Amino acid sequence: MRKDVRILLVGEPKVGKTSLIMSLVSEEFPKVVPYRAEEITIPADVTPEKVPTHIVDYSGTLRPFRLGLKCIELFRCHVLLNKMLCMWFRVPLILVGNKSDLVEHSSMETILPIMNRYSEIETCVECSAKNLKNISELFYYAQKAVLHPTGPLYCPERRD
Ligand code: GTP
Ligand code: MG
């Protein structure tokens with residue numbers, strides 16, 4: 001039985017990582033967002049799985065990494081980093097499509113090929129920090145992915 005869950009938000013600049021955390025905490029879209037949210041801990045009794053959950057805005061940690069890197073290169077770094085983590089710890093990944101309020105149709109067509117390519121992606125979710133669509137669900141899916149992974153125990157990178 002795990003004693004806690006740690007959720008890191010990783011992504012390209014301005015995709016809304018900090019806004020997602022703030023929308024979850026205050027249940028409203030923040031007009032002004034700091035560059036990085038403080039780490040928050042959700043107590044066990046208010047989480048669906050009854051496990052204390054830490055939420056970390058990872059962007060700031062990676063920022064020095066960005067010097068001279070274009071978005072696509074940064075994304076590749078994230079993928080590489082995640083692959084390394086997957087090999088060592090089998091970290092589950094949730095693919096998030098934020099700002100769904102700005103698009104008229106679903107971005108699933110873009111998301112599904114990415115999901116099929118990376119076995120460590122447990123699930124994907126479209127959400128909006130602005131109209132609070134799927135915000136609590138997103139963090140619940142992340143918690144669930146750690147506690148009850150549905151992916152294969154076999155990790156292709158490790159071949160075991
Ligand atoms: P960095 O930390 O600078 O990488 O950015 P971030 O990923 O933390 O994004 P941030 O939360 O600062 O949001 C960037 C901009 O997108 C802000 O102007 C937000 O108001 C806006 N934004 C965030 N989420 C949404 C959303 O769901 N819908 C819309 N329309 N705008 C959003
Ligand atoms: Mg931020």
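None of the values given here were measured: they were computed from a predicted structure. Read the numbers this way: they start at 1 and go in the same order the structure lists the ligands and their atoms.
Exactly one residue among Asn98, Leu102, Asp101 makes a side-chain contact (heavy atoms from CB on, under 4.5 Å) with Lys130. That residue is Asp101.
Counting heavy atoms closer than 4.0 Å to ligand 1, residue Thr18 contributes atoms from both its backbone and its side chain. Residue contacts with ligand 1, taken as heavy atom pairs separated by less than 4.0 Å, do not involve Asp57 at all. Of the heavy atoms in Phe29, only side-chain atoms (C-beta onward) come closer than 4.0 Å to ligand 1.
Both Leu93 and Ile114 are members of a single hydrophobic cluster when ILVMFWY side chains are connected at heavy-atom separations under 4.5 Å. Under the 4.5 Å side-chain heavy-atom criterion for ILVMFWY residues, no single connected hydrophobic cluster contains both Ile111 and Val15. In this structure, Ile42 is not a member of the same hydrophobic cluster as Met22, with clusters built from ILVMFWY side-chain heavy atoms closer than 4.5 Å.
Between Ile121 and Ile94 the shortest side-chain heavy-atom distance does not fall below 4.5 Å. Val146 has its side chain within reach of Pro92: a pair of non-hydrogen atoms, C-beta onward, lies under 4.5 Å apart.
Near Val33, the atoms of ligand 1 lying under 4.0 angstrom from a non-hydrogen atom of the residue are 12 (O). If you number the atoms of ligand 1 from 1 as listed, the ones under 4.0 Å from a heavy atom of Asn98 come out as 24 (N), 25 (C), 27 (O). Contact atoms of ligand 1 toward Pro13: 4 (O) (distance under 4.0 Å to a heavy atom of the residue). Close approach to Asp101 involves these atoms of ligand 1, each under 4.0 Å from a residue heavy atom: 26 (C), 27 (O), 28 (N), 29 (C), 30 (N). Near Tyr35, with a cut-off below 4.0 Å to any heavy atom, the atoms of ligand 1 are 2 (O). Set against the non-hydrogen atoms of Leu102, the atoms of ligand 1 under 4.0 Å away are 30 (N).
A heavy-atom separation below 4.0 Å is found between Ser128 and ligand 1.
A salt bridge links Glu39 to Arg6: one of the charged nitrogens lies within less than 4.0 Å of a carboxylate oxygen.
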Hey, can you pull the donor-acceptor pairs under 3.5 Å for the side chains in residues 132-145, sequence neighbours left out?
| from | atom 1 | to | atom 2 | distance (Å) |
| --- | --- | --- | --- | --- |
| Asn134 | ND2 | Glu126 | O | 2.7 |
| Gln143 | NE2 | Thr47 | OG1 | 3.4 |
| Gln143 | NE2 | Val51 | O | 3.4 |
| Gln143 | NE2 | Thr53 | OG1 | 2.7 |

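Backbone and side-chain nitrogen or oxygen atoms of Val15 are examined, and one is located within less than 3.5 angstrom of a nitrogen or oxygen of ligand 1. The N/O atoms of Ser100, backbone and side chain alike, include none that comes under 3.5 Å of an N/O atom in ligand 1.
To the nearest 10 degrees, the angle centred on the Mg ion (ligand 2) between O in Tyr35 and OG1 in Thr18 reads 90°.
Among residues two or more places apart in sequence or in another chain, the side-chain contact (heavy atoms from CB on, under 4.5 Å) test is passed with Pro43 by Asp45, Val46.
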